[in-house]
Amino acid sequence: MDPVVAEARTFQLFIAGEWVDSGGGRTFESRNPADTRDLIGHFQAGTAADVARAIRSAETAGLRWRRTPAPKRGEILYRFGALLAEHKERLARAMTREMGKVLTEARGDVQEGIDIAFLMAGEGRRLFGDTTPSELPDKWAMSIREPIGVAGIITPWNFPMAIPCWKMMPALVSGNTVVFKPSSDTPHCATLLVELMAAAGFPAGTVNLVTGPGAEVGDAIVSSPDVPVISFTGNTETGRRLATQAATRLKRVSLELGGKNGIVVLADADLDLATDGILWSAFGTTGQRCTAASRVIAERTVVDPLLERLERRAKALRLGSGLDSGTDVGPLVNAGALSKVTGYIEVGRREGELVTGGRRGSSAGLEHGHFFEPTIFAGVAPMDRIAQEEIFGPVLSVIPVDDYQGAVTALNQVRYGLSSSIFTRDANTAFRAMRDFETGIVYINAGTIGAETHLPFGGTKETGNGHREAGHAALDTYTEWKSIYVDFSGHLQRAQIDNQPG
Ligand code: NAD
């Protein structure tokens with residue numbers, strides 16, 4: 001059946017509170033990855049000149065926004081969160097249509113946006129600093145958080161609403177203004193978000209949206225001397241280039257990058273529970289989560305019973321449009337992702353044993369989408385390419401090890417460090433894992449997915465550069481500490497000298 005396609009609309013940039021065309025006059029398309037005949041719309045291919053306009057508008061708006069009392073800024077975040085909740089179903093459906101994740105997960109993506117909006121709305125009445133004693137008499141000491149200025153927000157397509165909200169909510173509540181450049185795979189999701197931000201009452205210029213290619217729009221944001229802080233989520237190589245470029249201007253750059261997350265299954269694990277956790281982590285969002293599990297590191301004695309369960313359950317997963325209630329696994333995001341995953345299947349065949357999957361989804365109704373079967377390789381060695389490189393698709397490697405120590409070594413022997421998990425019934429081993437796993441997030445008896453917005457989110461090693469999103473930690477990216485000393489003694493007092501012996 002042909003998709004019903006209404007006349008595709010042309011969407012605009014949002015600069016200084018107005019919806020406007022790009023000065024460059026070019027557009028690009030966004031299409032449904034489950035059926036590429038379905039054209040979602042035409043979007044502005046922004047230019048460096050558009051970015052310059054957006055930055056100027058953000059700078060101007062920032063003069064007033066940073067003086068707006070933080071609790072009042074928080075109230076606008078609260079209204080935005082309430083609007084997201086009101087429009088959750090519409091937003092989730094638009095997300096599934098544009099990037100493919102199944103509808104239940106798309107609802108979860110919007111929910112993360114709601115959660116962080118409400119969490120950061122509350123920060124409007126906290127934004128805590130410290131008041132602390134001075135070493136000198138009649139002197140007051142305190143530290144406060146101050147906004148930095150214009151924040152450049154550059155985001156991927158895999159959490160097209162949650163990730164922009166994780167970044168924009170803490171940036172805005174702490175008094176910064178933003179220039180937001182979304183992935184070109186999800187410009188419609190970004191547009192819908194910004195429409196609701198405008199409706200919530202963010203003043204003109206505090207939020208600016210510039211869609212368009214990373215190499216032009218992203219680059220113009222990163223290279224501008226007037227954008228002192230960049231928050232980027234995406235591929236490790238893109239992040240590395242961007243951070244190198246930003247370093248020449250000594251910008252603050254928060255990077256959330258790739259992952260190669262592993263699940264350890266020990267001999268004493270509940271294998272049915274582990275199977276549930278592995279399937280959800282490996283094949284949820286078609287393996288396209290930064291926290292997706294692409295490695296299972298299992299004690300040799302349980303590899304066979306675990307593989308038997310995984311194979312049976314993976315074969316039963318239904319591919320299809322995420323809008324169909326019977327679908328378990330949606331499409332990959334685009335043709336490039338499909339060809340990358342297909343390339344890794346050849347690598348995997350050389351390195352391990354293909355247990356299930358390994359092909360494009362071929363059943364009726366899938367021919368116009370980027371579908372790929374949930375795939376499992378067994379007998380993979382820790383340093384094999386499929387166990388080391390981020391594939392970002394529904395491909396799982398099972399790595400046998402001799403014992404807990406072997407599992408820790410294999411788990412940590414990758415260049416990424418986002419999420420990890422262990423299935424064991426032994427409390428002592430669980431606590432050792434919390435200590436030994438070198439990742440920013442560790443789960444015990446659950447898969448590698450399930451972050452909540454009030455805890456810090458981010459990874460070690462090449463997953464990032466030490467910053468964290470969400471939780472109070474997110475505020476550190478978007479604020480400068482200012483330490484203030486008030487001397488009410490009426491005479492000169494010298495720290496480290498007066499009031500000291502000798
Ligand atoms: P990507 O790096 O291709 O693109 C991310 C963003 O950067 C897009 O908006 C893109 O247009 C922009 N961009 C591209 N080139 C640029 C340049 N030269 N200058 C400035 N901006 C540029 O990543 P993607 O394919 O959209 O996302 C998938 C990747 O994101 C995966 O590696 C995944 O692990 C990672 N990711 C990480 C996290 C995390 O929190 N660690 C979360 C989600 C996704």
Side-chain angles (χ1 to χ4, degrees), residues 28 30 33 43 45-46 48 51 98-99 101 109 112 116 152-167 179-187 189-190 209-224 227 230-246 251 253-261 285-294 332-338 340-341 389-393 414-419 439-441 448-449 451 453 456-470 473-474 477:
F28 64 98
S30 177
F43 294 85
V51 172
E98 189 168 42
M99 56 69 69
K101 69 171 69 171
D109 192 313
E112 278 195 53
I116 196 83
I153 304 294
I154 304 178
T155 57
W157 48 267
N158 66 335
F159 280 85
M161 298 204 182
I163 290 178
C165 290
W166 284 2
K167 296 180 185 305
V179 176
F180 167 32
K181 183 259 178 280
S183 164
S184 296
D185 284 305
T186 48
C189 290
L209 170 70
V210 185
T211 50
E216 175 146 14
V217 175
D219 184 83
I221 293 172
V222 175
S223 56
S224 166
V227 180
I230 306 282
S231 180
F232 170 85
T233 297
N235 188 281
T236 292
E237 295 323 314
T238 319
R240 194 191 307 278
R241 276 203 309 278
L242 180 153
T244 308
Q245 188 185 350
K251 292 187 186 207
V253 181
S254 161
L255 300 173
E256 295 296 339
L257 309 174
K260 192 69 189 176
N261 311 297
T285 323
T286 322
Q288 303 170 108
R289 287 183 180 230
C290 49
T291 51
S294 52
L332 289 162
V333 70
N334 56 33
L338 188 60
K340 181 175 176 192
V341 170
E389 298 172 17
E390 186 183 50
I391 300 172
F392 225 55
V414 289
R415 64 190 184 111
Y416 301 108
L418 185 53
S419 184
T439 53
I441 307 168
T448 51
I449 288 176
T453 54
F457 181 94
T460 61
K461 305 184 200 169
E462 294 187 32
T463 292
N465 60 347
H467 291 276
R468 290 291 184 270
E469 308 219 77
T477 297

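Throughout, numbering of the chain's residues begins at 1 and tracks the sequence. Atoms within a ligand are numbered from 1 in the order they appear, just like the ligands themselves. Atom set for the values below is all heavy atoms of this structure, side chains included, hydrogens, waters and symmetry mates excluded.
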Exercise. With only distance considered, is Lys181 within less than 3.5 Å of ligand 1 through an N or O on each side?
Worked result: yes
Exercise. Measuring from Lys340:NZ to Asn334:CG, what's the distance to the nearest 0.5 Å?
Worked result: 10.5 Å
Exercise. Judged by atom type as modelled, is there a donor-acceptor pair below 3.5 Å linking the side chain of Thr463 to the main-chain atoms of Gly417?
Worked result: yes
For this session: Please examine the side chains of Gln288 and Phe392, heavy atoms only from C-beta on, and report whether any two atoms are closer than 4.5 Å.
Result: yes
Exercise. When you measure from atom 21 (N) of ligand 1 to every protein heavy atom, which one gives the shortest distance, and what is it?
Worked result: Gly218 CA, 3.7 Å
Problem set entry | Contact (N/O only, under 3.5 Å) between Trp157 and ligand 1 | yes
Exercise. Is the closest side-chain heavy-atom distance between Arg240 and Glu462 below 4.5 Å?
Worked result: yes
For this session: Answer with side chain, backbone, both or neither: which part of Val217 has a heavy atom less than 4.0 angstrom from an atom of ligand 1?
Result: neither
For this session: Identify whether NZ of Lys or CZ of Arg in Lys181 sits under 6.0 Å from the centre of the six-membered ring of Phe232 and within 45° of that ring's axis.
Result: no
Problem set entry | Residue and atom name of the nearest protein heavy atom (relative to atom 8 (C) of ligand 1), distance in Å to one decimal | Thr155 O, 3.3 Å
Exercise. Quick one: do the Glu390 and Asn235 side chains pair a donor with an acceptor below 3.5 Å?
Worked result: no
Seminar exercise, completed: For Leu242, the atoms of ligand 1 under 4.0 Å from one of its heavy atoms are 20 (C)
Seminar exercise, completed: Checking heavy-atom distances from atom 19 (N) of ligand 1 to each of Ala215, Gly234, Gly214, Ala190, the winner is Gly214
Exercise. Do any heavy atoms of Ser183 fall under 4.0 Å from ligand 1?
Worked result: yes
For this session: Compute the minimum heavy-atom distance from Ile163 to ligand 1 and say whether it is under 4.0 Å.
Result: yes
Problem set entry | Close side-chain approach of Arg241 and Val222, heavy atoms under 4.5 Å | no
Problem set entry | Test item: Val341 and Leu332 side chains (from C-beta on) under 4.5 Å apart, heavy atoms | yes
For this session: Identify the heavy atoms of Ile116 and Ala470 that sit nearest to each other, and give their distance.
Result: CD1-CA, 4.0 Å
For this session: Provide the number and element of each atom of ligand 1 under 4.0 Å from a heavy atom of Asp219.
Result: 19 (N), 20 (C)
Exercise. Would a distance-only check, ignoring hydrogens and angles, find a side-chain to backbone donor-acceptor pair under 3.5 Å from Ser30 to Pro187?
Worked result: no
Exercise. Which protein heavy atom lies closest to atom 23 (O) of ligand 1, and at what distance to 0.1 Å?
Worked result: Asn235 N, 3.4 Å
For this session: Would you please determine whether Pro182 falls within less than 4.0 Å of ligand 1 on a heavy-atom basis?
Result: yes
Seminar exercise, completed: If we number the atoms of ligand 1 from 1 as shown, the ones under 4.0 Å from a heavy atom of Asn158 are 43 (C), 44 (C)
Problem set entry | pair Ile449-Ser419: side-chain heavy atoms closer than 4.5 Å | no
Exercise. Polar-atom distance check: Thr233 versus ligand 1, any N or O pair below 3.5 Å?
Worked result: no
Exercise. Does the protein put any heavy atom within less than 4.0 Å of atom 4 (O) of ligand 1?
Worked result: no
Problem set entry | Pairwise side-chain contact, Trp166 with Thr233, heavy-atom cut-off 4.5 Å (strictly under) | no
Problem set entry | Check: Ser184 N/O within less than 3.5 Å of ligand 1 N/O | no
Exercise. Going by heavy atoms, is Phe392 under 4.0 Å from ligand 1?
Worked result: yes
For this session: Please report which non-hydrogen protein atom sits nearest to atom 27 (O) of ligand 1, along with the residue it belongs to and the distance in Å to one decimal place.
Result: Pro156 CB, 3.3 Å
Exercise. Got the closest protein heavy atom to atom 36 (N) of ligand 1, with its distance?
Worked result: Cys290 CB, 3.6 Å
Exercise. Looking only at protein heavy atoms, which one is nearest to atom 12 (C) of ligand 1, and how far off is it?
Worked result: Ile154 CG2, 3.7 Å
Exercise. Among all protein non-hydrogen atoms, which one is nearest to atom 34 (O) of ligand 1, and what is the separation to 0.1 Å?
Worked result: Glu390 OE2, 2.6 Å
For this session: Please say whether Thr238 places an N or O atom under 3.5 Å from an N or O atom belonging to ligand 1.
Result: yes
Exercise. Is any side-chain heavy atom of Pro160 closer than 4.5 Å to a side-chain heavy atom of Thr155?
Worked result: no
Problem set entry | Minimum-distance protein heavy atom relative to atom 7 (O) of ligand 1 | Phe232 CE1, 3.2 Å
Problem set entry | Heavy-atom side-chain proximity of Ile154 to Leu242 below 4.5 angstrom | yes
For this session: Report yes if some N/O of Leu257 lies less than 3.5 Å from some N/O of ligand 1; otherwise report no.
Result: yes
